[in-house]
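A short worksheet on the structure shown next.
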Amino acid sequence: MDTTWSPSSWRDRPAAQQPEWADPGALDATVKSLATLPPLVFAGEARRLTADLAKVAAGEAFLLQAGDCAESFDAFSADAIRDKLKVILQMSVVLMYSSGVPVVKVGRIAGQFAKPRSSPTETVDGVSLPSFRGHMVNDIDFTDAARVADPERLLTAYHQSASTLNLVRAFTKGGFGDLSRVHAWNQEFVASSLEGQRYEEVASGIERALRFMAACGIDTEATPQLHTVDVSTSHEALILGYEEALTRRDSLTGDWYDCSAHMLWIGERTRQLDGAHVHFLSGVGNPVGCKVGPTVTPDEVVALCEALNPDRIPGRLTLISRMGADKVESALPPLLRAVRDSGHPVAWACDPMHGNTFTAPSGRKTRHFDDVLAEIAGFFAAHREAGTWPGGVHIELTGDDVTECLGGAEEILDEHLGTRYETMCDPRLNARQSLDLAFRVAELLQQR
Ligand code: PEP
Ligand code: CO
């Protein structure tokens, strides 16, 4: 680890995508008070996730990282969190049952409140205002007042993350994640669909397997893996004052951990090698991710590996490729070969969302389900060519019945997008599309 690193040493480097806070004094006061609040996760939990991700890097497990593009201060209910967990659990069961590969589950949840933007301002009818940067920073309404960057929001984000995490822990450890409840995870509006029925078959197969094990005399009651599930939290480490305030020294090892989430990632817009984000995450012990898009070079990717994982710890670094369906098969293989030849142990995941966003004729930002699947297929093909392991997927989804992405079995068309377009930022797959995607990914895993 860099001996000049400290939780605040990022301040000496250029930090992209930071809001212009109206009152920097108020920001400092908020960051100071955040630093006195309890950590949200523990270092030991982050280390356990690193160990799980090491299996992904070694080709022995598959990463399912999924959740909202941006969590909202307004849409914050137990039902919404439960339904998101349901779809993630359904997807992981489909993947594991069909492919026999263990699935490491990480939510974009309990802290995913800040968004990088392509432009610092948004112009509507000749009026320009600061862009919406996520509820950790400002509000989405197009008014002067709403778009002011308010440090008080860092505290609200912390408290909402704490409540969300509490519920995630309760659901996953308190019986909801029990494998005997696989049928109960199928939501009513999904169950009647083709994907829902296909899921019912998987759930019945699991039930039969559990009964079979019990009949063989295996004490399934005493097997904790069947009754609880690990779902880790993650978000983009964007607003560095917030991350700094939650970075604490682990009493066991003396190392620094960013205790705002188990895993943190660097976005495509903030992965500058000499920038503050790479520097900040280079110093924390958590598993970290880094997005890589079509403009990254093989040398840059290897340099990112060196910067973020100089000790070559397996599971420490996940590279999340987000190329676009039309570019993945040409852009990804040179990166895979470069990293493979460098000997860096990375987990590779595919974000098939952010390279496939476009504006539909209706004016809504959307993605087509076919492009999402095509990018995943291209990701698998690139790994086959390089002889490397397609380690996972990184998906924007919701458990709700929204109409934000085109296509899928229910054939969402542009004219349907307005029906339930509820996202705070990017368009998400709905529960049916997400389940369908899990079946397709399971097929790709089986074909290997
Ligand atoms: C995101 O994951 O929401 C995001 C903004 O991704 P990227 O940095 O890859 O554009
Ligand atoms: Co997004």
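Throughout, residue positions are numbered sequentially from 1 according to the sequence presented. Counting convention: from 1, in listed order, for ligands and their atoms alike.
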query = Are Arg147 and Glu122 side-chain neighbours, meaning at least one heavy-atom pair lies under 4.5 Å?
reply = yes

query = Can the ring centroids of Tyr257 and Phe42 be said to lie less than 6.0 angstrom from one another?
reply = no

request  = For the residue pair Phe62 and Trp389, categorise the inter-ring angle as parallel (less than 30°), tilted (30 to 60°) or perpendicular (more than 60°).
outcome  = perpendicular

key: Minimum side-chain heavy-atom gap Met424-Lys115 below 4.5 Å   = no

message = Salt bridge check, Arg428 against Asp400: does any charged N sit closer than 4.0 Å to a carboxylate O?
response = no

query = Atoms of ligand 1 less than 4.0 Å from Arg108 heavy atoms?
reply = 1 (C), 2 (O), 3 (O)

ask   = For Gln112, is at least one N or O under 3.5 Å away from an N or O on ligand 1?
value = no

ask   = Hey, which atoms in ligand 1 end up nearer than 4.0 Å to a heavy atom of Arg322?
value = 7 (P), 9 (O), 10 (O)

task = Answer with side chain, backbone, both or neither: which part of Glu268 has a heavy atom less than 4.0 angstrom from an atom of ligand 1?
result = both

inquiry  = Only heavy atoms of Pro116, strictly under 4.0 Å: list the atoms of ligand 1 that pass.
reply    = 5 (C)

key: For atom 6 (O) of ligand 1, the protein heavy atom that lies nearest, with its residue and separation   = Lys291 NZ, 2.8 Å

remark   = Within a strict 2.8 Å cut-off of the Co ion (ligand 2), protein N/O/S atoms tallied 4

message = Can you tell me which residue among Glu404, Glu396, Gln433 is in a side-chain hydrogen bond (donor to acceptor under 3.5 Å, both in side chains) with Arg367?
response = Glu396

ask   = Starting from atom 1 (C) of ligand 1, which protein heavy atom do you reach first, and at what distance in Å?
value = His354 NE2, 3.0 Å

query = For ligand 1, is there an atom lying under 4.0 Å from some heavy atom of Lys115?
reply = yes

key: Geometric N/O contact Arg269 with ligand 1, under 3.5 angstrom   = yes

message = For a quick check under 3.5 Å, do Arg322 and His394 share a side-chain donor-acceptor pair by atom type?
response = no

inquiry  = Does the plane of the ring in Phe176 sit parallel, tilted or perpendicular to the ring in Trp185? Use 30° and 60° as the thresholds.
reply    = tilted

ask   = With atoms numbered from 1 as shown, which atoms in ligand 1 lie under 4.0 angstrom from a non-hydrogen atom of Gly267?
value = 8 (O)

inquiry  = Is the terminal nitrogen or CZ of Arg364 (NZ for Lys, CZ for Arg) located under 6.0 angstrom from the six-membered ring centre of Tyr421 and within 45° of that ring's axis?
reply    = yes

query = Any Lys/Arg nitrogen of Glu236 or Lys291 sitting under 4.0 Å from an Asp/Glu carboxylate oxygen of the other?
reply = no

key: Ring-face cation of Arg198 near Phe439 (centre distance under 6.0 Å, axis angle within 45°)   = yes

request  = Could you tell me whether Met353 approaches ligand 1 through its side chain, its backbone, both or neither, with non-hydrogen atoms closer than 4.0 Å?
outcome  = neither

